[in-house]
Amino acid sequence: LHAILSGYLSLICVWTSFIHTPPLSPATMCDGPLTSLHRITPAITLGYGLFDILEATIKSLPKDFLLHGVATFGVMAYFCEYNIPEIVLPFLLMEISTVHLVFMKATNLSEKMIGINMALFVLTFFFFRLMVCPYLWWGIVKITLFTETTEGSDSNRMMTCLPWHFKYCWLLFGLIFNGLNFYWGVKIILKVLRKVKGQEGMKEGNSLKES
C-alpha cells in the first residue's frame, strides 16, 4: 500500500512539476512545494518509516529491517523538518518498482503472470533506481557543490534558503542509496540469468527468506 501511494503520487507530482517549471535549476530550488500533494507525499513515507521502526521493535525483527525503518524515517524527517519535501519527492519514484517486488512473492499466480510481473520489476527497478534517480541526484549535487554564486543570482538565493549542511547530507544520502541500488541491481541480474538458464524455477527464490 505504501509503495503504491508514494510511488504513483510521486509520479503525478513529478509530471506536474516538469510541465510547470524547468527541472534541476537553481532558480527553482527555493520555490517550495508546487502543490499540497508535493508536501504530503514525503510525509506518507515518513510515517511508513516510523511504522517500520515500531514493528521491528515490537516483533523483534532482524536488525536490517530496523535499519531500513531508521534510514527511511531519518531521511524523510530531514526534508520535512527543513520544509523542503519537494526536493526528495522525485526519489520516491523508486517505490514503483517495490510494487512489483511485493507481487513476486505471490504464490497464487501462474508462471506466466509471475514472469510478466518480474519483467516489470526489472524494468522499473533499472529505469527509476539506476537511471532517473541517480540522474536527478547528480544534477542537484552539481547545483549545490559546483555552481558559482554571485550576489543577487539565483544560485546565491538558493544557498541562503537551504540549510548550510544540505549539500553534504544530500551527497551522503545519494552515495548510500545509489550504492545500495547498484548492489541490488547486480543481484537482480544474476537472479534473472539463473531463471533464464533454467537453474532456478520461475516461482523459486522470490521471497526474502528464499533469496
Side-chain angles (χ1 to χ4, degrees), residues 1-19 22-24 38 41-42 44-45 48-49 52 64-65 67-69 71-72 75-76 79 85-107 109-143 170-211:
L1 180 60
H2 165 260
I4 292 172
L5 279 175
S6 60
Y8 287 100
L9 286 179
S10 175
L11 183 62
I12 294 170
C13 291
V14 169
W15 176 252
T16 305
S17 297
F18 182 76
I19 61 177
L24 302 179
H38 287 68
T41 303
I44 294 174
T45 300
Y48 174 71
D52 260 7
D64 55 347
F65 195 90
L67 183 61
H68 177 269
T72 302
V75 171
M76 292 300 137
F79 288 93
E86 71 281 0
I87 294 179
V88 77
L89 172 68
F91 298 87
L92 295 177
L93 289 170
M94 292 189 287
E95 292 298 325
I96 293 176
S97 67
T98 306
V99 177
H100 300 288
L101 175 64
V102 172
F103 279 102
M104 282 179 62
K105 296 182 287 186
T107 57
L109 298 177
S110 66
E111 288 202 357
K112 182 178 180 180
M113 290 300 297
I114 290 176
I116 292 173
N117 179 68
M118 190 175 297
L120 290 172
F121 167 65
V122 172
L123 288 173
T124 52
F125 185 97
F126 279 84
F127 181 68
F128 290 115
R129 291 179 181 263
L130 297 181
M131 294 176 64
V132 174
C133 288
Y135 169 76
L136 295 174
W137 170 74
W138 180 246
I140 295 177
V141 168
K142 289 194 296 184
I143 291 173
W170 183 259
L171 182 65
L172 178 63
F173 293 157
L175 289 174
I176 293 173
F177 283 93
N178 288 326
L180 286 172
N181 284 331
F182 177 78
Y183 169 78
W184 285 110
V186 173
K187 301 275 280 186
I188 289 168
I189 291 173
L190 295 176
K191 174 173 281 294
V192 170
L193 289 176
R194 289 197 299 271
K195 292 184 182 297
V196 170
K197 293 178 180 178
Q199 298 172 349
E200 187 178 287
M202 194 59 71
K203 293 187 177 183
E204 283 184 79
N206 294 335
S207 72
L208 292 177
K209 291 182 179 179
E210 295 174 325
S211 298

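Residue numbers run from 1 in the order of the sequence given.
In this structure, Ile189 CD1 and Arg194 CZ are separated by 12.0 Å, a value rounded to the nearest 0.5 Å. Note that CH2 of Trp15 and CD1 of Ile12 are 12.5 Å apart. Values are rounded to the nearest 0.5 Å. If you take SG on Cys133 and CZ on Phe127, they are separated by 9.5 Å, rounding to the nearest 0.5 Å. Distance check, rounded to the nearest 0.5 Å: CD of Glu111 to CE of Met118 gives 9.5 Å. To the nearest 0.5 Å, atoms CZ (Phe91) and CZ (Phe128) are separated by 13.0 Å. Interatomic distance, CG of Leu175 versus CZ of Phe173, reported as 11.5 Å (0.5 Å rounding).
Residues Leu136 and Ile140 are not in side-chain contact: their nearest non-hydrogen atoms beyond the backbone lie 4.5 Å or more apart. Within the 4.5 Å cutoff, no side-chain heavy atoms of Asp64 are placed close to those of His68. Looking only at side-chain heavy atoms (C-beta outward), Trp170 and Trp137 come within less than 4.5 Å of each other.
A side-chain donor-acceptor contact under 3.5 Å links Thr124 to the backbone of Phe121. Within the 3.5 Å criterion, the main-chain N or O of Thr45 finds no donor-acceptor partner in the side chain of Ser6.
Evaluated for a side-chain contact (heavy atoms from CB on, under 4.5 Å) with Leu92, the options Leu11, Ile44, Thr41, Val14 yield exactly one hit, Thr41.
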List the atom pairs, with distances to 0.1 Å, where a side-chain N or O of residues 93-102 and a protein N or O form a donor-acceptor pair under 3.5 Å, not counting sequence neighbours.
from, atom 1, to, atom 2, distance (Å)
Glu95, OE1, Thr98, OG1, 3.2
Ser97, OG, Met94, O, 2.9
Ser97, OG, Arg129, NE, 2.8
Thr98, OG1, Arg129, NH2, 3.1
His100, ND1, Asn117, OD1, 3.2

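Under the side-chain hydrogen bond (donor to acceptor under 3.5 Å, both in side chains) criterion, His38 pairs with Ser17, Thr35, sequence neighbours left out. Here Val192 pairs with Val122, Ile188, Val196 under the side-chain contact (heavy atoms from CB on, under 4.5 Å) rule; sequence neighbours left out.
Under the 30°/60° scheme for interplanar angles, the aromatic rings of Tyr48 and His2 are found to lie parallel.
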